[in-house]
*Asks:* 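One structure is given below, represented as structure tokens, and several questions about it will come after.
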2 protein chains.
Amino acid sequence: MNEIVFDHKECGSCPIRHRSVCARCEADELEELDAIKYYRSYEAGQPIVWSGDRMDFVASVVTGVASLSQAMEDGRTQMVGLLLPSDFLGRPGRDVAPYDVVAVSNLTLCCFRRKPFEQMMIRTPHIAQRLLEMTLDELDAAREWMLILGRKTAREKIASLMAIIARREASLALTTAGDGMDFELPLTREAMADYLGLTLETVSRQISALKRDGVITLEGKRRVIIPDFDRLQIETGDDNDGGLMV
Amino acid sequence: MNEIVFDHKECGSCPIRHRSVCARCEADELEELDAIKYYRSYEAGQPIVWSGDRMDFVASVVTGVASLSQAMEDGRTQMVGLLLPSDFLGRPGRDVAPYDVVAVSNLTLCCFRRKPFEQMMIRTPHIAQRLLEMTLDELDAAREWMLILGRKTAREKIASLMAIIARREASLALTTAGDGMDFELPLTREAMADYLGLTLETVSRQISALKRDGVITLEGKRRVIIPDFDRLQIETGDDNDGGLMV
DNA sequence: CGCAATTCTTGATCTGGGTCAAGGCACCCG
DNA sequence: CGGGTGCCTTGACCCAGATCAAGAATTGCG
């Protein structure tokens, strides 16, 4: 591994998001990526692109959280994607944004100019393959989310969201402790409501209920402690022998 | 175009589902596909694969309708994918089915053995590219669906479903008549409920309401006539100046 | 043709979560 | 230090859609 590879990994900017796979990039590919990349920062609440805008870049989330949402005529909105660090934003081959993208917390993106990125993708098949794999993962997440939206009660929705975030945090931190997890909620109550198809009042009430019942503990309003992950898992209502644990 | 290409188009079996793109397949690729393909038929209601099953094929829907659904512990289910003729089933690189797949109506699949199909995909980049494009389309559809599940009223949900099916039918039939469409509903009331996160009683009531209000007309229980597509579009509640019309 | 078995419709009632409203709490800034 | 200004919590009430229940229409099959 040379210096470039190291820097590449550090900044979390690789379109091939799993660090272990980065090793497959050759030095000149990495130089090429470096040549077309630049960083952008956004403050919490700031819009990044609006649905219908032309997008001349694709990007990778370095720090912070962004959301994709869809709006209806009358202002109702539904979050349809949540981007955490290492997630990918934008799609090669499509130059118009199909959703509103908003910085949920303070956010740093590592952007790549789209055209050269696409050309590079055509030349290096393993990037294209990795992109397909990532898209399939997103599709799986979207479908899990559809079950949450369509069939779960408010309490199950909150439990599911907590479980999803806890799992994501755990996989980043490499702490595979079965229970006794804790994390900082990266979302306001309103954003959670938007994610889950609820109102912010219902979110607040159900979080209080889960706290009262000892499923979670709160430290302040944002720090969550999960004393027993299996208990939380039961509260989600999911069929948890059914194989994959995305 | 030689005979093989023609047959290939006719059976709707091309993994590159748009017929116009088929022209990019070379004769020997088509022969190769023919060598690994076989047909299977299912009756309405019959299961095709269960979540967790090993899948040794990918397939293309020739006729009929199939659904992907997810189940919860207690039996609640949510449909997360609807496959109409020319849609693709299965994913290269994943050998365990993540969802239950069921034949909603009588169904014919054109199957390809998975391993040789994957190898072929690696060798022919335009198939891989097309597959990425199809997956991105599925992701867009899933996200539109999330808005439906999370934020729409029962009436808007039914209107949205009618609009989606009408659009699909129209694109297949090449009848781009702005209004005056009609089609056969390929779903039972129960399947529609499962799609929309409703109960079948609510589906029935809302269909009756749309009929009473002249938004749709029914001929029997399954044949739907849309006298004015724009009117239906308004009933969906969608922001219809927002660009793309997938 | 007639008698199930599905599939669909409609009615009556109940309830989870939405809506409206009133504070509480933490942090910033003058 | 005092009064904003966001965020969050809690209460009271209401309604869209679920649930329970009873038939009607359509389909299929002996």
Side-chain angles (χ1 to χ4, degrees), chain A residues 43-46 65 72 74-78 103-106 148-161 184-213 216-224 235 237, chain B residues 43-46 65 72 74-78 103-106 148-161 184-213 216-224 235 237:
Chain A
E43 281 174 35
Q46 215 181 331
V65 182
M72 291 175 65
D74 59 5
R76 280 174 283 172
T77 64
Q78 173 65 52
V104 172
S105 65
N106 290 345
I148 292 173
L149 288 171
R151 294 299 181 194
K152 292 192 178 182
T153 64
R155 171 183 261 249
E156 288 167 342
K157 285 178 175 181
I158 297 290
S160 299
L161 177 56
E184 200 75 24
L185 267 182
L187 302 173
T188 64
R189 302 292 187 260
E190 190 182 16
M192 288 187 247
D194 205 358
Y195 186 116
L196 298 169
L198 297 171
T199 58
L200 71 93
E201 293 95 327
T202 299
V203 168
S204 181
R205 273 187 256 271
Q206 295 302 331
I207 288 178
S208 298
L210 288 176
K211 190 170 68 176
R212 176 168 28 74
D213 300 345
I216 62 174
T217 310
L218 287 189
E219 221 163 67
K221 285 159 194 292
R222 292 299 194 87
R223 182 144 213 95
V224 179
E235 292 284 349
Chain B
E43 282 173 35
Q46 215 181 331
V65 182
M72 292 175 65
D74 59 5
R76 279 174 283 173
T77 65
Q78 172 65 51
V104 171
S105 65
N106 290 345
I148 292 173
L149 288 171
R151 294 298 180 194
K152 292 193 178 181
T153 64
R155 171 184 261 247
E156 288 167 341
K157 285 178 174 181
I158 297 291
S160 300
L161 177 56
E184 199 76 24
L185 267 181
L187 303 172
T188 64
R189 301 292 187 261
E190 190 181 15
M192 287 187 248
D194 206 357
Y195 186 117
L196 298 169
L198 297 171
T199 59
L200 71 95
E201 293 96 327
T202 299
V203 169
S204 182
R205 273 187 255 271
Q206 295 301 331
I207 288 178
S208 298
L210 288 176
K211 189 171 67 177
R212 176 166 30 73
D213 299 346
I216 62 174
T217 310
L218 288 188
E219 220 162 69
K221 285 163 194 292
R222 293 297 194 87
R223 181 144 215 95
V224 178
E235 291 283 351

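Each chain gets a letter, A, B and so on, in the order its sequence line appears, and its residues count up from 1.
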*Asks:* The side chain of A:Arg189 is closest to which nucleotide in this list: D:dT9, C:dC8, D:dT19?
*Replies:*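 Among D:dT9, C:dC8, D:dT19, the one nearest the side chain of A:Arg189 is D:dT9.
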*Asks:* Separation of B:Leu200 atom CG from D:dG17 atom C1', in whole Å?
*Replies:*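 So the CG-C1' distance, B:Leu200 to D:dG17, works out to 13 Å.
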*Asks:* By side-chain contact (heavy atoms from CB on, under 4.5 Å), which residues pair with B:Glu235, not counting sequence neighbours?
*Replies:*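 B:Glu235 satisfies side-chain contact (heavy atoms from CB on, under 4.5 Å) with B:Arg155, B:Ala159, B:Leu210, B:Val215, B:Arg231 only.
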*Asks:* Using a heavy-atom cut-off of under 4.0 Å over every strand shown, decide if A:Gly197 touches base, sugar-phosphate, or nothing.
*Replies:*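 A:Gly197: backbone/sugar contact only, no base atoms under 4.0 Å.
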*Asks:* Would A:Ile207 and A:Met192 count as a side-chain contact (heavy atoms from CB on, under 4.5 Å) if you check the C-alpha gap in whole Å, the side-chain angles of each, and the deciding distance to 0.1 Å?
*Replies:* CA-CA 11 Å; A:Ile207 288 178; A:Met192 288 187 247; 4.1 Å; yes
*Asks:* Taking only N and O in the side chain of B:Ser204, is any of them less than 4.0 Å away from OP1 or OP2 of C:dT10?
*Replies:*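 B:Ser204 to C:dT10 OP1/OP2: no side-chain N or O under 4.0 Å.
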*Asks:* How large an angle, rounded to 10°, do the end axes of the helix from C:dC1-D:dG30 to C:dG30-D:dC1 enclose when each is built from five base pairs?
*Replies:*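 The end-segment axes of the helix from C:dC1-D:dG30 to C:dG30-D:dC1 are tilted 30° relative to each other.
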*Asks:* Run the side-chain contact (heavy atoms from CB on, under 4.5 Å) check on A:Val224 and A:Leu218 step by step: do they pass?
*Replies:* CA-CA 5 Å; A:Val224 179; A:Leu218 287 189; 3.8 Å; yes
*Asks:* What's the spacing between B:Lys157 NZ and B:Leu149 CG if we round to 0.5 Å?
*Replies:*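 So the gap between those two atoms works out to 6.0 Å.
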*Asks:* Is there a donor-acceptor contact under 3.5 Å from the side chain of B:Arg76 to the main chain of A:Arg151?
*Replies:*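 Side chain of B:Arg76 to backbone of A:Arg151, a donor-acceptor pair under 3.5 Å: yes, one is there.
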*Asks:* Once rounded to the nearest 0.5 Å, what's the spacing between atom OH of A:Tyr195 and atom CG of A:Leu161?
*Replies:*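 Between atom OH of A:Tyr195 and atom CG of A:Leu161 there are 6.0 Å.
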*Asks:* Once you round it to whole Å, what is the distance between C1' of C:dG17 and CD1 of A:Ile158?
*Replies:*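 Between C1' of C:dG17 and CD1 of A:Ile158: 12 Å.
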*Asks:* Using a 4.0 Å heavy-atom cut-off across all strands, classify B:Arg222 as base, sugar-phosphate, or nothing.
*Replies:*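 Here B:Arg222 touches the backbone only, sparing every base.
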*Asks:* To the nearest Å, how far apart are B:Leu196 CG and D:dG17 C1'?
*Replies:*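 My rounded result for the distance is 13 Å.
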*Asks:* Between A:Leu218 (CG) and C:dA26 (C1'), how many Å, whole number?
*Replies:*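 So the two atoms are 15 Å apart, to the nearest Å.
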*Asks:* Classify A:Thr199 by what it touches in the nucleic acid, base, sugar-phosphate, or nothing, heavy-atom distance under 4.0 Å.
*Replies:*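 Base contact.
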*Asks:* Answer yes or no: does a side-chain N or O of B:Thr202 lie under 4.0 Å from OP1 or OP2 of D:dG17?
*Replies:*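 For D:dG17, OP1/OP2 do not have a side-chain N/O of B:Thr202 under 4.0 Å.
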*Asks:* To the nearest angstrom, how far is B:Arg212 atom CZ from C:dT9 atom P?
*Replies:*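 Checked: the CZ to P distance equals 13 Å.
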*Asks:* Write down the distance between CG (B:Asp74) and P (D:dA18), rounded to a whole number of angstrom.
*Replies:*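 Going from B:Asp74 (CG) to D:dA18 (P), I get 15 Å.
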*Asks:* Starting at CD of B:Glu201 and ending at P of C:dT9, how long is that distance when rounded to a whole Å?
*Replies:*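 Atom CD in B:Glu201 sits about 11 Å away from atom P in C:dT9.
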*Asks:* Counting only side-chain N and O atoms of B:Thr188, is one of them less than 4.0 Å from OP1 or OP2 of C:dT6?
*Replies:*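 The answer is no; no side-chain N or O of B:Thr188 sits under 4.0 Å from OP1 or OP2.
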*Asks:* To the nearest Å, how far apart are A:Leu185 CG and D:dC7 P?
*Replies:*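 In whole Å, D:dC7 P and A:Leu185 CG are 15 Å from each other.
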*Asks:* For A:Glu43, is there any backbone N or O sitting under 3.5 Å from a side-chain donor or acceptor partner on A:Asn106?
*Replies:*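 No; zero donor-acceptor contacts below 3.5 Å.
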*Asks:* Side chain of B:Arg205: nearest nucleotide among D:dC8, C:dG11, C:dT9?
*Replies:*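 For the B:Arg205 side chain, the nearest candidate turns out to be C:dG11.
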